[in-house]
Amino acid sequence: MTDDQQVPEILGELAAAMADAPPTTDGYWTSEGLHDLYERFEKEPDLPLTDGQRRLFMAQRARNAASSRVHGLLRSLEKAVEHGQVTAVPEAAVLAEACVRARLAVFDAISVLHRLGVPYGEQALARLVSDRHVGDSDRRWGRWWLRRLREPMYRGMASRPVEGEEPLLPELVRNLTVGWQGGWEIEEDPAQERFAQARAILEALLPGTRLPFPEPIPEWEGDWDEDEDERPDWLEIRMVLRDLMPDVGLVTRERMTEGWHECKRLGLDLQGEGPEEFGDRWAMRIGAWTAEGILSWLWREDQFSPWAQDLARRYIDRNVAVTEATRLLSEAAESGS
């Protein structure tokens, strides 16, 4: 176990290792075949190479060695933090942040920052996730850990009473005791009151005019792990807002404004929107997800009455919840309704 006397030595060695690390070779790997050749070179040192290839491979070997050294030191530092042995927290945070910017053992450095916590680790992570010079995957990993540090604030907002705040969804919708999807469990014989409630909610959520863009935004179909660098920022914004406002009754102007600030802190792309425009767009989006849930529930319950089909057509016309509204009409046609 690392003891208190070893921590300054670790920090000193870490600073020295970073100073000695050669520059990154990123940008010089021009083809997949070059990677394959490098792997052969690691096993066959006498492999015939051009002078340029040999310089690149030697530089990458030195870079890998430096990264490995930094990795070991960061792991030791993280253990020391875990056992409460690091008193020089600001200095440790500065070094870990510098490792991320230097692209040396990035995941370990971000883990150290998470361990350091509030305020120094959190502040460093906030700077990193907002810096476009940091790689996308590194920013995403930093954002994931920063959100873990911010979770107590999220829970606090979610539990806060809404009295005195400006609601952004109709009152009828705010009385729902379900999340954004707005549906219910499938029932063997749902009461007519439940269908009447679904109808009233859909009428309350229907926009007065056609939207210039479909809402909600089409679901992302990528693999969460394999395609993480292609994951759109709107998906992560939704994750943040769900934590802050898990129920439709919590969707207020004040919380949307706090959500805007939180997403900005997390380095997410807000498409140039200010707090008010952001709040309006996301309130509409949450309403559309809620409508989707209701429409899905209706067709799953084989509710194809004239009013349900009329509402489905109106939703399609307004460019809202089009997928589920279309599904309801399709299921109705198949059933002969």
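In what follows, residues are counted from 1 in the order of the sequence shown.
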Check your understanding: When rounded to the nearest 0.5 angstrom, what is the spacing between CG in Leu77 and CG in Asp108?
Key -> 10.5 Å
Point to revise | Donor-acceptor under 3.5 Å (Trp260 side chain, Glu273 main chain) | key: yes
Review point. Is the shortest heavy-atom distance from the side chain of Phe195 to the side chain of Leu298 under 4.5 Å?
Key: yes
Practice item. Please name the pair of heavy atoms, one in Ala312 and one in Leu328, separated by the smallest distance, quoted to 0.1 Å. Key: CB-CD2, 4.1 Å
Check your understanding: Just wondering, do Trp289 and Val248 contact through their side chains at under 4.5 Å, heavy atoms?
Key -> no
Review point. After noting the C-alpha distance and the side-chain angles of Glu262 and Tyr154, does the key distance pass the side chain to side chain donor-acceptor pair (under 3.5 Å) rule?
Key: CA-CA 10 Å; Glu262 184 63 17; Tyr154 297 170; 2.7 Å; yes
Point to revise | Heavy-atom side-chain contact between Val134 and Arg101 under 4.5 Å | key: yes
Practice item. Start with the C-alpha gap between Val162 and Arg174, add the side-chain angles, then the distance that decides, and say whether side-chain contact (heavy atoms from CB on, under 4.5 Å) holds. Key: CA-CA 11 Å; Val162 298; Arg174 300 198 303 272; over 6 Å; no
Exercise for review: Determine, step by step, whether Leu329 and Ile316 satisfy the side-chain contact (heavy atoms from CB on, under 4.5 Å) criterion, reporting the C-alpha distance in whole Å, the side-chain angles of both residues, the deciding distance to 0.1 Å, and the verdict.
Suggested key: CA-CA 10 Å; Leu329 294 177; Ile316 293 170; 3.7 Å; yes
Point to revise | Arg231 CZ to Ser137 OG distance, which is reported to the nearest 0.5 Å | key: 11.0 Å
Review point. For the hydrophobic clusters of this structure (ILVMFWY residues joined by side-chain heavy atoms under 4.5 Å, transitively), does one cluster hold both Ile186 and Leu176?
Key: yes
Exercise for review: Begin from the C-alpha positions of Arg300 and Glu331 and carry the test salt bridge (Lys or Arg N to Asp or Glu O under 4.0 Å) through to its verdict.
Suggested key: CA-CA 9 Å; Arg300 292 177 189 279; Glu331 294 287 340; over 6 Å; no
Practice item. Give the C-alpha distance, both sets of side-chain angles, the deciding distance and a yes or no for salt bridge (Lys or Arg N to Asp or Glu O under 4.0 Å) between Arg40 and Asp36. Key: CA-CA 6 Å; Arg40 285 186 59 195; Asp36 295 339; over 6 Å; no
Review point. Under the ring-ring contact (aromatic ring centres under 6.0 Å, His included) test, which residues partner His71, sequence neighbours left out?
Key: none
Review point. Would you find a donor on one side and an acceptor on the other, under 3.5 Å apart, between the side chain of Ser330 and the backbone of Thr326?
Key: no
Check your understanding: With a cut-off of 6.0 Å (strictly less than), are more than 12 heavy atoms of other residues, nucleotides or ligands near CZ of Arg140?
Key -> yes
Review point. Is the side chain of Asp131 donor-acceptor paired with the backbone N or O of His133 at a distance under 3.5 Å, no angle test?
Key: yes
Point to revise | Donor-acceptor contact present, side-chain Arg255 to main-chain Met157, <3.5 Å | key: yes
Study note, to complete from the structure: Between Ala109 and Val100 the two heavy atoms that sit nearest each other are CB-CG2, 3.6 Å
Check your understanding: Which atom pair, heavy atoms only, marks the closest approach of Ala321 to Leu295?
Key -> CB-CD1, 3.8 Å
Review point. Mind checking whether Arg63 and Leu104 have side chains closer than 4.5 Å, heavy atoms only?
Key: yes
**Study point:** Pairwise side-chain contact, Arg327 with Ser296, heavy-atom cut-off 4.5 Å (strictly under)
**Key:** no
Review point. So how far is it from Asn64 CG to Arg69 CZ, rounded to the nearest 0.5 Å?
Key: 15.0 Å
Check your understanding: Is there a donor-acceptor pair under 3.5 Å between the side chain of Thr257 and the backbone N or O of Arg253?
Key -> yes
Review point. Would a 4.5 Å heavy-atom cut-off, applied to side chains only, mark Trp184 and Ile294 as touching?
Key: yes
Practice item. Spell out, as yes or no, whether a donor-acceptor pair under 3.5 Å connects the side chain of Arg210 to the backbone of Asp317. Key: yes
Exercise for review: Output, in order, the C-alpha distance, side-chain angles, deciding distance and verdict of salt bridge (Lys or Arg N to Asp or Glu O under 4.0 Å) for Arg238 and Glu219.
Suggested key: CA-CA 11 Å; Arg238 182 173 75 174; Glu219 289 295 322; 3.1 Å; yes
Exercise for review: Could you tell me whether the side chains of Ser159 and Arg155 share a donor-acceptor contact shorter than 3.5 Å?
Suggested key: no
Exercise for review: Using a strict cut-off of less than 4.0 Å between a Lys/Arg side-chain nitrogen and an Asp/Glu carboxylate oxygen, indicate whether Glu39 and Lys43 qualify as a salt bridge.
Suggested key: no
**Study point:** Heavy atoms from other residues, nucleotides or ligands near CD of Glu151 exceed 12 (cutoff 6.0 Å)
**Key:** yes
Review point. Do Glu171 and Asn175 have a side chain donor and acceptor closer than 3.5 Å?
Key: no
**Study point:** Heavy-atom side-chain proximity of Leu168 to Ile286 below 4.5 angstrom
**Key:** no
Check your understanding: Say you draw a straight line from OG1 of Thr252 to CD of Glu163; how long is it, rounded to the nearest 0.5 Å?
Key -> 11.0 Å
Point to revise | Test item: Gln53 and Leu37 side chains (from C-beta on) under 4.5 Å apart, heavy atoms | key: yes
Check your understanding: What distance do Asp247 atom CG and Arg242 atom CZ have between them, rounded to the nearest 0.5 Å?
Key -> 10.0 Å
Review point. For the salt bridge (Lys or Arg N to Asp or Glu O under 4.0 Å) test, which of Arg160, Arg150, Lys264 pairs with Glu258?
Key: Arg160
Study note, to complete from the structure: Nearest heavy-atom contact between Cys99 and Leu74 is SG-CD1, 4.2 Å
Check your understanding: Counting heavy atoms not belonging to Phe107, are there more than 12 under 6.0 Å from its CZ?
Key -> yes
Exercise for review: Decide whether Glu324 and Tyr315 meet the rule of one side-chain donor and one side-chain acceptor closer than 3.5 Å.
Suggested key: no
Exercise for review: Answer yes or no: is there a donor N or O on one side and an acceptor on the other, between the side chain of Arg115 and the main chain of Glu82, under 3.5 Å?
Suggested key: no
Check your understanding: Would you say Arg139's side chain and Gly267's backbone share a donor-acceptor pair under 3.5 angstrom?
Key -> yes
Point to revise | Minimum heavy-atom distance Ala291-Leu205, with the two atoms named | key: N-CD1, 3.9 Å
Check your understanding: In Å, rounded to the nearest 0.5 Å, how long is the span from CE of Met153 to CZ of Arg147?
Key -> 10.5 Å
Exercise for review: Walk me through it: do Glu215 and Asn319 pass the test side-chain contact (heavy atoms from CB on, under 4.5 Å)?
Suggested key: CA-CA 7 Å; Glu215 289 292 358; Asn319 216 9; over 6 Å; no
Point to revise | Over all atoms of both residues, closest heavy-atom pair of Val240 and Leu268 | key: CG2-CD1, 4.4 Å
**Study point:** ILVMFWY cluster, Leu116 and Val94 together (side-chain gap under 4.5 Å)
**Key:** no
Check your understanding: Under the side-chain contact (heavy atoms from CB on, under 4.5 Å) criterion, do Gln303 and Trp297 qualify, and how do the steps go?
Key -> CA-CA 9 Å; Gln303 174 54 267; Trp297 180 78; over 6 Å; no
Revision key, fill the gap. Paired with His114, the ring-ring contact (aromatic ring centres under 6.0 Å, His included) test is passed by just one of Trp145, Trp144, Trp141, namely Trp145
Exercise for review: Give a yes or no on whether the backbone of Phe304 and the side-chain of Gln309 come within a donor-acceptor separation of less than 3.5 Å.
Suggested key: yes
Practice item. Taking Glu122 for its side chain and Leu146 for its backbone only, find out whether a donor-acceptor pair lies under 3.5 Å. Key: no
